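The structure presented is a predicted model; accordingly, all values stated were derived computationally and were not measured. All heavy atoms count here, side chains included; hydrogens, waters and symmetry mates do not.
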Amino acid sequence: MISFSNIGKSFGQQTLFKGVSFQFNPGNRYGLVGANGSGKSTFLKMMSGHELPSEGTLNMPKRLRLGVLEQDHFKYEEFPILHVVMMGHQELWQAMEEKEALLAKADQEFDGERYAELEDLVLRYDGYAMESRAAEILEGLGIPTEVHENPLSSLSGGFKLRVLLAQVLAANPECLLLDEPTNQLDILSIRWLEKFLVDYPGLAVVISHDHRFLDNVCTHIVDVDYETILLYKGNYQDFVEAKAMERERKEAEIGKRERQIAEHQAFIDRFKAKATKARQAQSKMKKMEKIVIESLPPTSRRYPTFRFEACRPSGKVALEVKNISKAYGDNKVLEDVSLTVRRGDRVAIIGPNGIGKSTLLKILVDNLPPDEGEVEWGYETYPGYFAQDHKEIFEGGKNTVEGWLWDHCPAEPIGFVRGKLGMVLFSGDEVKKKVGSLSGGESARLVFARLAVEKPNVLVLDEPTNHLDLEAIDALVEGLKTFDGTLILVSHDRWFVSQLANRIVEISPQGINDFRGNYEEYVERCADDHLDAEKVVLKAKREKKKSKDQSKGAPSSSDADSKKLQKKKKNLEKKRDDLTAKIEKMEARVHEINEKFCNPGFFDQTPEKEIRSLEAEQKTLSSKVEETMESWEGIELEIAELQEAIADL
């Protein structure tokens with residue numbers, strides 16, 4: 001358990017957050033969200049001990065083992081990949097190394113007592129399973145067994161970061177602190193990480209800009225906004241709805257109080273001069289003075305505006321890809337790829353990392369020559385390209401933001417340029433920044449501003465959401481939805497793909513799977529989500545059961561069978577409603593305990609025995625809620641199956 005009491009953090013005159021009080025409990029997974037620069041990473045650093053709060057108290061168990069995702073892979077470059085992962089549990093790794101050293105010189109001298117101590121430590125941390133656990137995690141993150149003994153330096157930058165993620169996970173810490181763990185992962189690896197975190201028994205705090213990842217993983221959302229941090233129960237979608245309702249409630253309350261003041265003032269202005277009403281006017285004035293209106297601080301969230309217009313319609317066939325092949329040395333990433341893209345297609349290219357998705361886009365826009373095959377753009381097509389890496393297009397980074405964009409529309413006045421920059425959140429002195437000093441998110445927004453002024457009728461986007469915050473991703477989706485040209489994109493963000501694509505092209509070692517339909521239809525048809533595999537398995541089980549029932553001749557279409565099923569369904573619905581009431585009651589009690597824990601000074605003023613009793617009660621109730629939820633979900637599934645059976649009669 002980690003508790004925060006009146007925590008605040010400021011840098012000079014800038015307040016990130018203040019008055020923060022709540023607690024994190026084991027078994028829960030917290031998604032940390034907020035605008036870029038709002039203080040998410042700072043809050044995570046405070047938990048890891050790399051930052052101190054400006055005020056308040058952070059209470060953390062002294063022996064709590066933290067797992068913090070690092071970004072520095074250089075200190076491990078010469079070590080075997082598997083060893084790098086095992087090093088994550090430093091105490092265990094050092095014990096295993098020392099044990100090996102004692103055995104190596106056993107023929108000269110042997111410290112049996114020390115060896116016994118080390119053996120006890122290895123057994124305590126399940127050290128003999130460490131190597132297999134590390135290998136399994138590496139496999140899950142897309143790093144095959146055959147390279148596990150290679151040095152870390154043999155991997156590309158993105159895969160090195162996967163190894164560092166595996167290092168954290170394999171150490172089996174009691175608390176995981178993960179800052180953007182999905183950034184370098186492909187669809188398969190994200191799905192694996194989701195399953196890992198859902199099964200993880202400890203406390204996890206995760207920063208992510210992936211909507212669906214937050215929905216699939218999180219039990220709570222921690223929102224950094226309005227110069228404070230608030231805790232919401234549920235996943236990201238639950239949080240969005242709850243936050244909007246809370247803001248509306250506060251605004252309605254302020255509106256109500258403003259109306260009360262206006263009514264009192266109107267009465268006072270009308271009757272203050274009349275002797276018969278003077279006492280009432282005085283009373284109204286006193287009431288008005290007692291009404292306090294709390295001003296709402298402005299949100300730190302900023303939504304850019306992305307507006308893409310095609311210069312003109314292209315021909316019916318926007319693009320022809322004919323028998324493209326490409327290899328890097330012995331590594332063949334694309335082989336005999338052919339594809340026809342028609343005007344208005346919104347093509348999402350998916351597949352595991354290293355399969356050639358980005359290579360294909362570079363070949364399409366003539367940034368890379370193919371080994372074989374050809375690319376033919378259609379009549380009157382004007383492609384606009386968004387690359388993963390923007391360093392090359394900024395030409396050394398000495399130009400200003402304003403100057404760089406103006407170079408792409410020199411015929412336009414400065415007001416036009418400033419307006420386009422303002423839409424993507426560059427204003428005031430920000431337009432004078434050097435492009436070489438921009439953050440990843442700022443660079444991405446500037447490139448989108450360039451695409452807006454160039455007006456291509458085909459957008460080719462390579463991982464466009466990588467450096468954007470959730471607000472910018474939402475805005476980008478809205479902008480691309482209104483774009484009336486052709487869209488070709490590579491993205492590992494499933495929510496982003498599901499919002500935009502009307503055609504899915506999967507690249508796999510077996511070849512191309514070209515599916516005309518949206519992402520959800522692709523998942524349902526191909527039974528190969530990589531991400532929501534449980535849904536596919538569940539569907540298959542239902543179909544198998546239905547087939548089995550039909551082979552036995554049940555159920556029939558008779559009224560008797562229908563009544564029997566209806567009765568069974570009614571009984572199940574009663575059980576479900578009883579469980580729902582039970583869950584709500586337990587959750588209300590857990591919330592009540594949480595409220596007590598969040599009260600300032602609670603832990604200082606309450607006897608330790610009472611605190612332990614409440615903690616034990618909370619833990620027991622949380623466990624019971626999980627068990628009851630499983631029963632509830634099972635009944636829901638039975639009801640759904642009965643409903644299908646009744647509909648088929």
Side-chain angles (χ1 to χ4, degrees), residues 1-7 19-33 59 197-198 200-206 214-226 228-253 571-639:
M1 182 185 75
I2 301 173
S3 64
F4 307 84
S5 180
N6 286 317
I7 288 287
V20 176
S21 296
F22 50 70
Q23 75 173 34
F24 290 161
N25 295 314
N28 290 336
R29 299 173 297 279
Y30 300 87
L32 191 54
V33 302
N59 294 309
L197 290 175
V198 167
Y200 174 65
L203 161 65
V205 183
V206 182
L214 293 171
D215 275 340
N216 290 349
V217 167
C218 295
T219 60
H220 299 75
I221 295 295
V222 184
D223 180 41
V224 187
D225 199 5
Y226 302 117
T228 189
I229 304 178
L230 296 176
L231 183 63
Y232 292 83
K233 187 170 183 180
N235 63 17
Y236 184 72
Q237 189 57 45
D238 297 329
F239 149 73
V240 170
E241 294 171 4
K243 182 175 182 177
M245 289 175 64
E246 177 68 10
R247 186 70 175 182
E248 287 173 8
R249 185 192 66 77
K250 287 182 178 179
E251 289 174 348
E253 181 64 27
N571 290 336
L572 285 172
E573 286 173 341
K574 186 177 184 306
K575 284 184 182 179
R576 178 199 60 191
D577 294 342
D578 291 343
L579 288 177
T580 301
K582 190 176 179 181
I583 290 167
E584 288 175 352
K585 186 176 180 181
M586 289 189 291
E587 287 182 336
R589 177 55 182 161
V590 170
H591 180 72
E592 184 182 332
I593 295 171
N594 280 338
E595 289 290 314
K596 288 184 178 181
F597 286 160
C598 290
N599 287 333
F602 174 80
F603 291 95
D604 297 328
Q605 300 167 8
T606 308
E608 188 176 349
K609 186 177 179 181
E610 184 180 341
I611 292 173
R612 287 182 178 176
S613 174
L614 286 170
E615 287 174 347
E617 183 185 358
Q618 185 189 56
K619 187 175 181 180
T620 302
L621 284 172
S622 297
S623 178
K624 285 182 179 178
V625 167
E626 291 295 325
E627 292 172 8
T628 313
M629 276 300 297
E630 286 181 13
S631 301
W632 184 91
E633 287 169 356
I635 290 174
E636 274 285 284
L637 180 57
E638 286 187 65
I639 291 171

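Between L621 atom CG and I583 atom CD1 the span is 12.5 Å, to the nearest 0.5 Å. In this structure, CG on L579 lies 10.5 Å from CG on L572, to the nearest 0.5 angstrom.
The shortest non-hydrogen separation linking Q23 to Y30 is O-OH, 3.9 Å. Minimum heavy-atom separation, G19 to T228: O-OG1, 4.4 Å.
Of the possible donor and acceptor atoms, none in the side chain of Y236 sits under 3.5 Å from a partner among the backbone N and O of N216. R29 places a side-chain N or O within 3.5 Å of a backbone atom of V217 that can act as its donor or acceptor partner. Remark: side-chain polar atoms of S613 are not paired, donor with acceptor, to backbone N or O of K609 under 3.5 angstrom.
Contact check for L614 versus E617: side-chain heavy atoms found under the 4.5 Å cut-off. The side-chain heavy atoms of M586 and R589, taken from C-beta on, include no pair separated by under 4.5 Å. When side chains are defined from C-beta on, F4 does not count as touching I229, because their heavy atoms never get closer than 4.5 Å. With a 4.5 Å cut-off on side-chain heavy atoms, L203 and I2 count as touching. Counting heavy atoms from C-beta on, the side chains of N235 and L214 never come closer than 4.5 Å.
Looking at residues two or more places apart in sequence or on another chain, you find no salt bridge (Lys or Arg N to Asp or Glu O under 4.0 Å) involving K624. Applying the salt bridge (Lys or Arg N to Asp or Glu O under 4.0 Å) rule to K585 yields no partners; only residues at least two apart in sequence or on another chain are considered. Residues passing the salt bridge (Lys or Arg N to Asp or Glu O under 4.0 Å) test with D238: none are found, sequence neighbours excluded. Applying the ring-ring contact (aromatic ring centres under 6.0 Å, His included) criterion to Y232, with sequence neighbours excluded, gives F239. Applying the salt bridge (Lys or Arg N to Asp or Glu O under 4.0 Å) test to D215 and every residue at least two apart in sequence or in another chain returns nothing. Looking at residues two or more places apart in sequence or on another chain, you find no side-chain hydrogen bond (donor to acceptor under 3.5 Å, both in side chains) involving N571.
Crowding of K243 atom NZ: a count of heavy atoms from other residues, nucleotides or ligands under 6.0 Å exceeding 12.
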Quiz item: Taking it one step at a time, do D578 and K582 satisfy salt bridge (charged side-chain N to carboxylate O under 4.0 Å, His left out)?
Solution: CA-CA 6 Å; D578 291 343; K582 190 176 179 181; over 6 Å; no
